[in-house]
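Numbers restart at 1 for each chain; the letters A, B, ... are given by sequence-line order, proteins then strands. Worth saying up front: this structure is predicted, and the values here are computed from it rather than measured.
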Number of protein chains: 2
Amino acid sequence: MLDKAVVVLEALERGPLALSGLTTATRLPRATAHRLAAALEVHGLVRRDADGRFALGLRLVGLGREAAADLPVTEVARPVLEALRDETGESTQLYVRDGDRRVCLVSLESPHGLRTIVPVGASLPLDAGSAGRVLRGGAPAGARGGWVESVGEREAGVASVSAPVRDVAGSLLAAVSVSGPVERTSRSPGRRYGAAVVEAAAAVEAALGSAHA
Amino acid sequence: MLDKAVVVLEALERGPLALSGLTTATRLPRATAHRLAAALEVHGLVRRDADGRFALGLRLVGLGREAAADLPVTEVARPVLEALRDETGESTQLYVRDGDRRVCLVSLESPHGLRTIVPVGASLPLDAGSAGRVLRGGAPAGARGGWVESVGEREAGVASVSAPVRDVAGSLLAAVSVSGPVERTSRSPGRRYGAAVVEAAAAVEAALGSAHA
DNA sequence: ATGTTAGTCTCACATGATGAGACACGGCGG
DNA sequence: CCGCCGTGTCTCATCATGTGAGACTAACAT
């Protein structure tokens, strides 16, 4: 049943659906889809919107918040990424590794009209993008000033620079990223933002270190 | 099974747990708790942290984000609440009604050392607090300049002012709130912040109206 | 060595998930 | 008006699978 409940949640993740849409999206029989949605509704994981459609329940907001909050780096990194966004004028993100994916835990957007947008909670591959490479452990401590850059790897026209955040024992915790359109970042974003990103990662590390004191 | 899976998620919402802790928190037999956590782990709703404990899975971050995003008022209200926080110097929140509760969808904190903190996703009663009263429909359009205040109702020492956000058809969508310690807000917070809160609610409404155009 | 605790797996049995189909309702077309 | 179709909700016989006691493994303490 849990498997099917998750299928329902994933269908609703794309947007609210009436029962017939849910039936189509999940490939479940109407009665099964209805019953699962109703069962999820009892628990607040699904709700009925004003049009009577099924939608993801607001209980998930709190659960998602607590999931992110279990990683102390999330809140510690937020003000640092805000400053980095303001300093660079580009969008900034914090990623952590989740199995063979990376998940975005903090995402702050550039004020420019043209900007990169990564939703909080987005799950992205590790094999593309600078943050993916960082989180795979591909950032040798000394090489290239401690940052990794990518241009058009995960998405055409998007460049990024990332640096690792490590804990006091040296374990890789997260990646701090700046990303933006190639038009502004240039094809060598590392030259432009690398030092700032590394500095931000160090600030996160420092804040984490003091949070443990 | 779904009921029990939710019990597991709720147990982990309080923080990561080893299996024995999960067994205690859920009152489920060890094997059942283990199997449920493992099943949830397959779906990313639970993860194993660095210490091998079960924790809420990062998949929930994205689900929570999408749940909130299904309500357009959430993103529309964010910049307005940022400005309101900066203008008042107090914490600001956006609440929506969820059944017989209210859920906080946006929560921005005052820069003061002493501030109110409401977690995003927090589910609170409707029968206490200014936002609760607003969302119960207890804010007559003309009365008291369109705002509702409360002092120490939900939490001792905390005062708040809230105003309703309505859609173009006049239906109640959300409540905008300013809250802070009585020491700063005074026992008549409405006198101090009411106009700003109502103005913010109107700005949200205007932004919603233009988002539909 | 023995006992305890933590995590994981097995399996007989009971429970409840399942889905085809029934039912109710509303809207539309002939 | 009636019939049809689509939507949402409920029923119930069937059987798939969830359940938990207990077994097994590993690590740690005495």
If you only use heavy atoms from C-beta on, which nucleotide in [options] is closest to the side chain of [X]?
{"X": "B/Pro29", "options": "C/dG7, D/dA21, D/dT9", "value": "D/dA21"}
{"X": "A/Ala31", "options": "D/dC10, D/dA21, C/dT8", "value": "D/dC10"}
{"X": "A/Arg30", "options": "C/dT18, C/dG7, D/dG8", "value": "D/dG8"}

Rounded to the nearest angstrom, tell me the gap between atom [atom1] in [X] and atom [atom2] in [N].
{"X": "A/Asp3", "N": "C/dT18", "atom1": "CG", "atom2": "C1'", "result": "14 Å"}
{"X": "B/Leu19", "N": "D/dA27", "atom1": "CG", "atom2": "P", "result": "17 Å"}
{"X": "B/Leu28", "N": "D/dT19", "atom1": "CG", "atom2": "C1'", "result": "10 Å"}
{"X": "B/Leu22", "N": "D/dG20", "atom1": "CG", "atom2": "P", "result": "13 Å"}
{"X": "B/Leu17", "N": "C/dG7", "atom1": "CG", "atom2": "C1'", "result": "15 Å"}
{"X": "A/Met1", "N": "C/dA14", "atom1": "CE", "atom2": "C1'", "result": "17 Å"}

Counting only side-chain N and O atoms of [X], is one of them less than 4.0 Å from OP1 or OP2 of [N]?
{"X": "A/Ser20", "N": "D/dT7", "answer": "yes"}
{"X": "A/His34", "N": "D/dT9", "answer": "yes"}
{"X": "A/Arg35", "N": "C/dA20", "answer": "no"}
{"X": "A/Thr32", "N": "C/dT18", "answer": "no"}

Please classify the nucleic acid contact of B/Arg53 as base, sugar-phosphate, or nothing, using heavy-atom distances under 4.0 Å.
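Nothing, no heavy atom under 4.0 Å.
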Name the nucleic acid region contacted by B/Ala18, choosing base, sugar-phosphate or nothing; use a 4.0 angstrom heavy-atom cut-off, strictly under.
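Sugar-phosphate, backbone atoms only, no base.
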Using only atom types and a distance under 3.5 Å, with no angle test, would you say the side chain of [X] pairs donor to acceptor with the backbone of [Y]?
{"X": "B/Arg101", "Y": "B/Ser123", "result": "yes"}
{"X": "A/Thr32", "Y": "A/Leu28", "result": "no"}
{"X": "B/Arg47", "Y": "A/Asp98", "result": "no"}

Side-chain contact test, heavy atoms from C-beta onward, threshold under 4.5 Å: evaluate it for A/Val6 versus B/Val42 and give yes or no.
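A/Val6 vs B/Val42: side chains apart.
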Which residue lies more 5' along DNA chain D, comparing B/Leu36 with A/Phe54 via nearest heavy atoms
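The answer here is A/Phe54.
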Below 4.0 angstrom, N of the basic side chain to O of the carboxylate: do A/Arg59 and B/Glu13 qualify?
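Yes, this pair counts.
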